[in-house]
Structures are given as C-alpha cells and as structure tokens.
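This report refers to the structure that appears directly beneath it.
The sequence lines fix the lettering, A, B, ..., with proteins before strands; numbering per chain opens at 1.
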Amino acid sequence: GITEAQARIIVNNALKLYSQDKTGMVDFALESGGGSILSTRCSETHETKTALISLFGIPLWYFSQSPRVVIQPDIYPGNCWAFKGSQGYLVVRLSMEIHPTSFTLEHIPKTLSPTGNIASAPKNFSVYGLENEYQEEGQLLGQFMFDQEGESLQTFPVPKRPERAFQIVELQIFSNWGHPEYTCLYRFRVHGVPVK
Amino acid sequence: GITEAQARIIVNNALKLYSQDKTGMVDFALESGGGSILSTRCSETHETKTALISLFGIPLWYFSQSPRVVIQPDIYPGNCWAFKGSQGYLVVRLSMEIHPTSFTLEHIPKTLSPTGNIASAPKNFSVYGLENEYQEEGQLLGQFMFDQEGESLQTFPVPKRPERAFQIVELQIFSNWGHPEYTCLYRFRVHGVPVK
Amino acid sequence: SQSGGPCCSPAPLARTPYLVLNYVNGLPPI
C-alpha cells in the first residue's frame, strides 16, 4: 500500500509530464518553435471539397488542412493533413541542427473517431536525414510501424544514433491502416540532441 | 495506506483542477473572457524577421507574435510576446473591476526549450493598479520574482489587498534570466474578487 | 523508394493555395 502523500506525488508527476507536451522532450519540428514544412515531394493533399467557407452567403473557397498542421499541436479530429493514397512524403526543416534520437507520431484515439476506426492512420514509415532540401537520397534514420492497436501517441527511438547531425528530415509513409482514399497525419515530432 | 477508491478520488480531483485552467481561479486578464491589451508603453516587440509568410511563392510579410498572446492560453514554445531587452511594460484591461488577490506568470518548462534554457524568462517584476489607461504612476500591488528553477506556472499573492478596485493593471518587467536580446512573456493572469 | 521516379524532385509548396511559413533568419523568440 501507499500513503496519500505518495499517491499525490505520483499524480502530480504524471500531470507535470502530461503538461510538458505529454513527452517532456523538445520537439524540434514544432512550427511555433522554429520548425517548418519545406516540401511534400510528389504527395498531394487529398482535396475533398467538403468544407465550404462563405461570407454573407457568398461561397468563397473550399478549405482543407495544409501540411503545416503536422507540426502544430492541435490534434482534434479533422486537424490532420490528408494526402492521397497511402504513400506520402513530408520534408521538415527543424528549428536547429540535431542528432535525432527518436520520433513521435500521433493519431486520434479510436474512441474519438466518428467512423469508429482509424483506417486513415499511417502504418509503415521511414525517416531520413537530409543534408539539404534538394537531396534525393538521405540517410535512413529508421523504419517503423505505427500500431493502430497501440497508444494514440507512439515514440520510436532511432536504432543507431547517426554520426552526423541534421536540420532537415524526411518522413516517408508507405502504407496506412486500410483507408482506400487517403492517409491522415495528425502530428509528427522529432526529438534529439542539438549540436554544440 | 490508502484504498483504490481514495486513489481514484485523488486522481480525479487533480485532473479536475488541471482542466480548470490549471489553477481553478478566474483569470480576469484572459482575452476571450473580456480582457484586452491597452498598451506596451515604451517597450518594443523584438522583431526578428525570421518567420516569413508566403502565398504562391510570393513573400507577404514577416510574422511575429503580438502582445495579445500574453492573455491567450496557448503556451507552446514560441507562442510568447518578445520585447527588446529585459525591461518591458504591459497595460492590461481586465474583463471587470476587481480587487486583485494574486497574479500568475507562466513560461515554458526548460525540458521543452530547444535552447535547453529559459534565459528569456522574466525575473523581477511588479504589478500596478491603474485608475485609467493614461495614469503614469499607479498603485503598486506587489513586487515579485519568477523563479527559473521553480514550476513553469507560478502564482504570486498580493501582499496587501488594495482598498480600491481596479480594471486596469500594469505589468512591469525589470529583468530576465540572462537573455541578452529579448524577454519572452508566455502568459500573465490576474486573479481577484469582483466588486459587488 | 527514395531514388528514381518523379517523386525525387521536391514539389514546390509555392503552387499551393495556402499560406506557407518559412524561417529565414534563425530561431523565433522562445
């Protein structure tokens, strides 16, 4: 058994970690912190033409989420970047040059999905380090799988810490969990150690 | 030792308080609740010209956070108002006239800072109650110090409850924790008792 | 796959109908 004081400490520590972006780790991809989206290579935003913005009853445009939402912290249902099909690319410039140590992918929990499933979630993916935006073949940092039966937030350690540091990384998604039309990316984070 | 039921109560109460803006106290400075920024007096926003916004490849403007973010709840890294140097002023109109009882200052936790430090955090500060926006010397409500080794959210009780009530307060920052170029304000809250 | 094919070239975000944010001069204030 534990005392009330011990229980309070456990709870407070858990809430403290939760309040620190849930991981307690710096996210070098976060847009407000200096990260930015450089490119989506050949992947295309899945334009559904469902969200119509109007003013005074006059239709103005169809709204769809841009890839920037992948490096923004709002992960309410729908606030994802949807690309056509199940193969997508995202080239991200980090806020600074780091030795990547892990990556975090987040999706909405199944309990919050109006469809009752998360078939649009990414499945197999890789992350590469690029020396510059235009490099075609970067250094493979790791191959991973987002588990739809796992937690809505999953962190993937880099198997082998790269010798060189990177300020640009490329996220390549190869498959999703079954959605035939698109794949949704809610949030991708990059953790690591800055170069001195 | 405590029972499982008691542990659940402790957890639920902690979560409840956390969900109540972390403090369970009204923030009369909160913009969405009716607060507004009246002035920054002679302090200047630290314009870094780093965040360039473009559309169709055409550069439009450099984005920087306005003082309004100080009374908005988003405190992700970078979502602060940065003023030049370490002396800054912020005149806030509260949502109603109150007898201030305490103030809360928040900064990002060190664990989330890409630089590994929070040198841009405010250190010594004072809060004054003003009778009107143009009053030059208000009533000193208290002098405080935000501790960089403390919690990321710190609440400072007013030492002596003022006799009169105020709807305008001025936050004066005198020093920061070492950043040579700017000081970042993430969020400032004002708590108190409304006049009847 | 990374090499070969039309996906090598970076697709310019300049053609997209939404605002693009790029950091051009170091870190923003944090």
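- Partner of C:Ile30 under the side-chain contact (heavy atoms from CB on, under 4.5 Å) criterion, out of B:Ser120, B:Pro114, B:Cys80, B:Cys184: B:Pro114 alone.
- Contact count versus chain C (heavy atoms, under 4.5 Å) is highest, among B:Thr183, B:Ile53, B:Thr48, for B:Ile53.
- Closest heavy-atom contact between B:Tyr182 and C:Pro28: OH-O, 4.2 Å.
- Using a 4.5 Å cut-off between heavy atoms, B:Thr115 contacts chain C through its side chain alone, with no backbone atom that close.
- Counting all heavy atoms, side chain and backbone alike, B:Thr50 lies closest to C:Leu27 at CG2-O, 3.8 Å.
- No more than 12 heavy atoms of other residues, nucleotides or ligands sit less than 6.0 Å from atom CZ of B:Arg93.
- Within a 6.0 Å sphere centred on CZ of B:Arg41, other residues, nucleotides and ligands contribute more than 12 heavy atoms.
- We find the CZ-CG distance between B:Phe56 and C:Leu13 to be 12.0 Å, quoted to the nearest 0.5 Å.
- Smallest separation of non-hydrogen atoms from C:Val24 and B:Tyr62: CG2-CE2, 3.8 Å.
- Heavy atoms of B:Leu60 lying under 4.5 Å from chain C belong exclusively to its side chain.
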